[in-house]
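What follows is a single structure, written as C-alpha cells, with notes after it.
Whatever order the structure lists them in is the order used to number ligands and atoms, beginning at 1. Residue indices begin at 1 and follow the sequence shown. Below, all heavy atoms of this structure are taken into account, side chains as well, without hydrogens, waters or symmetry copies. Please read all numbers here as calculations on a predicted model, not as lab measurements.
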Amino acid sequence: MRHLLDTKTLSRPDALQILDVAEDMADTQQREVKKLPTLRGKTVVNLFFEDSTRTRISFEAAAKRLSADVINFAAKGSSVSKGESLQDTAQTLQAMGADAVVIRHSASGAPLTLATSGWITAGVVNAGDGTHEHPTQALLDAFTIRKRVFGDSSRGRDLEGLHVTVVGDILHSRVARSNVWLLHTLGAEVTLVAPPTLIPHDVSAWPARIEYDLDAAIAAAPDALMVLRIQLERMSAAYFPTEREYSRRWGLDPRRLDSLGADSIVMHPGPMNRGLEISAEAADSPGSTVLDQVTNGVSVRMAVLYLLLAGERQNDDREDAA
Ligand code: NCD
C-alpha cells in the first residue's frame with residue numbers, strides 16, 4: 001500500500017489486512033511498555049489544515065508508539081495563513097525528509113492532489129478531506145463493530161450478515177461516505193437515516209438504503225447505530241427548523257435508546273453535541289462504543305502507518321539486496 005486516500009477504492013483484502021494488523025497492534029497496547037521499535041528513523045508529518053482533536057492526537061500517538069519521529073504542522077500559525085500554497089508546504093516537508101504525510105484539509109481531494117502531484121515521495125494518509133472521505137475513521141469503526149460482535153474470534157472476519165444504521169448529517173459527513181463504502185466492501189448492510197435536507201441529492205449509486213424515520217429504522221433492530229454530529233460549521237443555510245425539532249425527530253433520546261435494545265451498539269465518531277443528536281444517556285450507556293472507538297483508532301492508525309512505512313522498508317531492503 002503506497003497511500004490511504006479513501007475506502008471507496010480500498011479492496012476487501014487490503015481492508016481486512018489493516019483490521020487484522022490492527023488486532024496485533026491492539027495486543028501490544030495491552031502491555032506495560034506500549035512502544036515498538038518498528039518505525040525508528042521514519043518521519044511522520046501531521047499536516048492539519050482543519051481543526052481536529054482526536055484524529056490528530058490519535059495519529060500522533062500511533063506514530064510515536066511505533067517509534068517514528070512526528071512533526072505536527074497546524075495551518076493556523078504557519079505560513080499557510082500568509083498564503084503559502086499546498087505545493088510550497090508539501091515541497092518544504094519533502095525537503096525535510098517526510099516519509100509519511102497525514103493530511104486533513106477542508107478541500108475534498110487535497111490528499112489525492114498531494115499523492116499524485118509529484119511534489120512529494122512520502123506516503124499520504126487522508127485524515128479527512130472536506131465532505132469527501134475519512135478512511136481511518138471508517139476502518140476504526142469497522143474494527144470496533146467486529147470486536148464488539150465477534151470478540152476474540154474477530155481476526156480474518158468480515159461484517160457479512162450485520163446491519164449498520166447511520167443517522168444524522170449525512171450530507172456534510174465524510175465519515176458517512178467512508179463508512180458506506182467500507183461497510184459495503186466488508187459485506188454489511190447499510191441504512192442511512194436523516195431528514196431529506198441532510199441526504200445528498202444523488203445517492204442512487206451508494207450501496208445503502210435511505211430511510212427518513214428514525215423510529216422505523218430502530219424497529220428494524222440494527223446491530224449498530226452510528227450517530228453523526230450535526231456539522232453546524234458546514235451549514236450555510238437552514239437544513240432543519242430548530243435544534244429542538246431535530247433532536248425530537250432524529251436524536252437518540254432515552255426512549256429510542258430503550259427501543260434499540262441491549263444488544264445493539266451505539267457509536268459516534270466525536271465530537272458529540274450532547275443533547276442534540278445524542279442524549280447523555282445514550283452516549284454513556286453500556287452499549288456505547290464512543291471511547292472504544294477512540295482507543296481502537298490508535299491501533300488502526302498504527303496498522304496503517306506500519307503497512308505504509310514498514311512495507312516500504314522491506315521493499316527498499318529488497319532493492320538494496322538486488
Ligand atoms: C469527524 C470528522 O472530523 O470528520 N470527527 C473525527 O474525525 N473524529 C466527524 C465530525 O467532525 O463530526
Side-chain angles (χ1 to χ4, degrees), residues 4-8 18 22 46-63 72 74-76 102-112 125-145 164 166-183 192-195 198-200 224-236 239-240 243 246-247 250-252 266-278 282-283 288-302 304-305:
L4 177 63
L5 302 177
D6 56 49
T7 57
K8 189 174 185 179
I18 295 169
N46 275 330
L47 187 57
F48 278 63
F49 293 91
E50 220 187 53
D51 294 342
S52 168
T53 309
R54 64 209 89 217
T55 303
R56 190 182 58 70
I57 294 174
S58 182
F59 270 108
E60 183 173 353
N72 284 315
K76 272 183 204 145
V102 177
I103 176 174
R104 170 167 286 197
H105 202 289
S106 58
S108 299
L112 177 68
V125 182
N126 180 3
D129 61 330
T131 57
H132 174 230
E133 281 227 31
H134 190 356
T136 58
Q137 179 68 45
L139 285 158
L140 77 87
D141 290 335
F143 183 93
T144 303
I145 295 170
V164 180
V166 184
V167 58
D169 186 356
I170 311 290
L171 179 65
H172 300 102
S173 180
R174 51 199 177 205
V175 177
R177 286 170 181 75
S178 284
N179 262 294
V180 164
W181 301 118
L182 182 65
L183 288 167
L192 303 175
V193 188
L198 288 179
I199 295 280
L225 180 64
M226 187 182 297
V227 184
L228 297 179
R229 187 172 65 89
I230 291 295
Q231 303 197 20
L232 295 166
E233 79 280 13
R234 293 191 207 274
M235 293 185 185
S236 49
Y239 288 88
F240 46 85
E243 292 191 3
Y246 180 87
S247 195
W250 290 281
L252 186 57
V266 174
M267 311 180 76
H268 194 302
M272 294 185 278
N273 294 306
R274 282 176 185 252
L276 176 52
E277 72 265 0
I278 190 165
S288 163
T289 58
V290 171
L291 293 176
D292 292 353
Q293 288 168 270
V294 176
T295 305
N296 295 338
V298 177
S299 304
V300 165
R301 290 171 177 125
M302 285 173 79
V304 169
L305 292 174

- [ ] Let me see the working for Leu198 and His172 under side chain to side chain contact (heavy atoms under 4.5 Å, CB included), right down to the final yes or no.
- [x] CA-CA 8 Å; Leu198 288 179; His172 300 102; 4.2 Å; yes
Task: Protein contact to atom 12 (O) of ligand 1 [nearest heavy atom, distance to 0.1 Å] - done: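 That would be Arg229 NE, 2.7 Å.
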Task: atom 5 (N) of ligand 1: nearest protein contact (heavy atom, Å) - done: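 Here the nearest protein heavy atom works out to Gly270 O, 3.0 Å.
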List every atom of ligand 1 that sits less than 4.0 Å from any heavy atom of [X], numbering the atoms from 1 in the order shown and giving each element.
X: Val175; result: 1 (C), 4 (O), 9 (C)
X: Thr55; result: 6 (C), 7 (O), 8 (N)
X: Arg104; result: 2 (C), 3 (O), 7 (O)

Open item on the list: Among Arg174, Arg54, Gln137, His134, which one puts a heavy atom closest to atom 3 (O) of ligand 1?
Closed with: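 Answer by nearest heavy atom: Arg174.
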- [ ] Report yes if the side chains of Glu243 and Leu232 come closer than 4.5 Å at any heavy-atom pair, otherwise no.
- [x]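 Counting from C-beta outward, Glu243 and Leu232 do come under 4.5 Å.
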TODO: To the nearest 0.5 angstrom, please state how far the CD atom of Glu277 sits from the CG atom of Leu228.
DONE: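 Result: 8.0 Å between the selected atoms.
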Open item on the list: Taking a cutoff of less than 4.0 Å between a non-hydrogen atom of the residue and any ligand atom, is Pro269 in contact with ligand 1?
Closed with: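 So Pro269 counts as touching ligand 1.
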Open item on the list: When you measure from the centre of the six-membered ring of Phe48, is the NZ or CZ of Arg104 closer than 6.0 Å and no more than 45° off the axis?
Closed with: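 No, cation not above the ring by the 6.0 Å, 45° rule.
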TODO: Mark yes or no for whether Arg56, through its side chain, and Leu47, through its backbone, hold a donor-acceptor pair below 3.5 Å.
DONE: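 A pair under 3.5 Å: no.
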Open item on the list: If only side-chain N and O atoms count, and only distance matters, is there a donor-acceptor pair under 3.5 Å linking Glu50 with Ser106?
Closed with: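 Ser106 vs Glu50: no donor-acceptor pair found between side chains.
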